[in-house]
Protein chains: 2
Amino acid sequence: MLDDLDKSILSHLQKDSKITIKELSVHLSLSGTAIYERIRKMERKGIIESYSVRINKNLVDLGFVVFCQIKLQEHKHEYLVKFEREVIKFSEVLECYNVSGDYDYLLKITVKDMNGYHQFLNDKLTYLDHIGSAHSTFIINEVKNTHAIEFR
Amino acid sequence: MLDDLDKSILSHLQKDSKITIKELSVHLSLSGTAIYERIRKMERKGIIESYSVRINKNLVDLGFVVFCQIKLQEHKHEYLVKFEREVIKFSEVLECYNVSGDYDYLLKITVKDMNGYHQFLNDKLTYLDHIGSAHSTFIINEVKNTHAIEFR
DNA sequence: ATTGAAAATCATCAGTA
DNA sequence: TACTGATGATTTTCAAT
């Protein structure tokens with residue numbers, strides 16, 4: 001489905017989407033139009049979902065990241081739906097997954113600091129209905145964090 | 001540090017970094033140059049880390065996401081360093097955090113399917129030295145996954 | 001910090017092999 | 001699928017405030 005040229009284009013775009021078609025065409029020894037058409041095709045197919053900027057969380061006071069595991073009191077469909085509908089509204093919650101194992105949900109939360117997390121728990125999360133238990137895992141250090149997919 | 005205009009620019013850029021300065025200047029009632037300079041400043045300060053594309057993992061056969069918690073046998077500095085140096089090399093590992101709690105590390109791993117994960121464990125992870133135990137949490141459903149920071 | 005306009009660069013589209 | 005050449009749009013720079 002994707003040949004090596006497509007993969008190479010995607011790798012470059014993931015690293016820096018502001019790279020010009022001209023630069024790509026030099027690197028990959030292909031005409032600008034050919035590169036352009038390949039990108040358009042991947043956009044149309046939905047392989048390229050969006051163009052975005054990455055922001056340094058620390059510099060905007062959101063450098064404290066916590067993974068929070070949550071178990072609901074009961075697994076009634078209605079409770080699950082309601083929990084999901086509410087939790088995605090919290091701006092602190094960047095990711096929320098329905099997971100296997102002891103807990104039902106895994107949340108990735110960004111706040112300013114421990115105090116900000118405390119406030120999030122007290123003012124927001126604990127107000128949700130049907131929460132059984134919550135367990136927080138704090139990030140001490142970020143060893144690796146890439147959004148770029150490597151093709152293999 | 002960031003005023004409301006900066007935050008608004010960042011919000012737009014996170015949603016779609018291909019938005020033109022002209023469009024931004026219409027939305028925010030500011031001249032093109034003013035927008036341009038504000039963006040440049042945020043780039044220089046490192047607030048805008050990079051421009052990138054988001055790729056649909058499912059469409060490139062990497063839709064199976066697993067969180068894997070890892071405990072080392074011993075907490076010798078040398079072991080930690082070696083583990084980190086090796087684990088970041090695996091293309092399947094998108095994120096690796098040093099965390100609080102029962103486990104030492106939390107890894108976010110993307111593979112094609114369960115079989116791909118099995119192979120990753122057998123061919124790669126279990127070959128690393130000093131691993132005490134590993135616990136996998138499988139993602140059943142993605143309720144929310146945004147890379148965009150909301151300013152508040 | 002902002003403006004408006006000029007200059008340089010780029011994305012995009014026909015036409016064609 | 002890919003290429004060349006044309007054009008309209010966009011980014012970037014600059015003088016002035």
Side-chain angles (χ1 to χ4, degrees), chain A residues 1-62 112 146-152, chain B residues 1-62 112 146-152:
Chain A
M1 177 156 175
L2 293 178
D3 65 14
D4 287 346
L5 275 172
D6 291 325
K7 290 176 182 175
S8 185
I9 291 171
L10 286 180
S11 294
H12 278 98
L13 286 178
Q14 285 185 115
K15 235 183 280 161
D16 176 21
S17 67
K18 271 196 135 53
I19 189 170
T20 63
I21 286 175
K22 203 177 194 172
E23 287 174 288
L24 280 173
S25 76
V26 173
H27 278 115
L28 307 177
S29 313
L30 208 65
S31 77
T33 319
I35 305 269
Y36 175 73
E37 283 305 330
R38 279 168 176 269
I39 293 175
R40 285 299 305 274
K41 193 183 235 171
M42 291 192 284
E43 288 171 358
R44 275 197 306 272
K45 283 185 180 170
I47 292 169
I48 294 177
E49 279 186 340
S50 64
Y51 291 80
S52 184
V53 295
R54 236 186 125 159
I55 291 177
N56 185 318
K57 290 194 195 77
N58 292 304
L59 297 183
V60 294
D61 276 349
L62 289 169
K112 184 179 182 219
T146 177
H147 296 177
I149 288 166
E150 277 181 60
F151 297 98
R152 46 202 187 243
Chain B
M1 176 156 175
L2 292 178
D3 66 12
D4 288 346
L5 275 171
D6 291 325
K7 290 176 182 175
S8 186
I9 291 171
L10 286 180
S11 293
H12 278 99
L13 287 178
Q14 285 186 114
K15 236 185 278 159
D16 176 21
S17 66
K18 272 195 131 58
I19 189 170
T20 63
I21 287 173
K22 203 177 193 174
E23 285 175 288
L24 280 173
S25 75
V26 173
H27 277 116
L28 306 178
S29 313
L30 210 65
S31 77
T33 316
I35 304 270
Y36 178 75
E37 284 304 331
R38 279 167 177 269
I39 293 175
R40 285 300 305 273
K41 193 184 235 172
M42 292 192 283
E43 289 171 357
R44 276 197 306 270
K45 283 185 180 169
I47 292 169
I48 295 176
E49 278 187 339
S50 63
Y51 291 79
S52 184
V53 295
R54 232 183 129 162
I55 292 177
N56 185 317
K57 290 194 195 78
N58 291 304
L59 297 183
V60 294
D61 276 349
L62 289 169
K112 185 180 181 216
T146 178
H147 297 178
I149 287 166
E150 277 181 60
F151 296 98
R152 46 197 187 246

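Taking a cutoff of 4.0 Å between a charged side-chain nitrogen and a carboxylate oxygen, B/Arg40 and B/Glu43 qualify as a salt bridge.
C/dA1 atom C1' lies 12 Å from atom CD1 of B/Ile9, rounded to whole Å. Rounded to whole angstrom, the span from the CG atom of B/Leu24 across to the C1' atom of D/dT12 amounts to 16 Å. If you measure from atom CG of B/Leu5 to atom C1' of C/dT2, you get 12 Å, rounded to the nearest angstrom. Straight-line distance from the CG atom of A/Leu28 to the P atom of D/dC3: 11 Å, rounded to whole Å. For the pair B/Ile39 CD1 and C/dA1 P, the interatomic distance rounds to 15 Å; values are reported in whole Å.
In terms of heavy atoms, A/Ile21 sits closest to A/Gly32 at CG2-O, 3.3 Å.
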| task | Start with the C-alpha gap between B/Met42 and B/Ile9, add the side-chain angles, then the distance that decides, and say whether side chain to side chain contact (heavy atoms under 4.5 Å, CB included) holds. | result | CA-CA 10 Å; B/Met42 292 192 283; B/Ile9 291 171; 4.0 Å; yes
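Where DNA chain C pairs in unbroken runs of 3 or more (Watson-Crick or G-U, both distances under 3.5 Å), the stems are C:1-17 with D:1-17.
Looking at heavy atoms from C-beta onward, B/Asp6 lies out of side-chain contact with B/Ile47 at the 4.5 angstrom threshold. Using a 4.5 Å heavy-atom threshold, the side chains of A/Arg38 and A/Leu30 count as touching.
Atom NZ of B/Lys112 is surrounded by 12 or fewer heavy atoms from other residues, nucleotides or ligands within 6.0 Å. Within 6.0 Å of CG on A/Asp3 lie more than 12 heavy atoms contributed by other residues, nucleotides or ligands.
Among the heavy atoms of the strands lying under 4.0 Å from B/Ala34 is at least one base atom, whether or not backbone atoms are also near.
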| Footprint string (nucleotides 10-17 of chain C, 5' to 3'): B base within contact, S backbone only, - free, heavy atoms under 4.0 Å | SSSBB---
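Checking side-chain atoms of B/Ser8 against main-chain N and O of B/Leu5 turns up no donor-acceptor pair under 3.5 Å.
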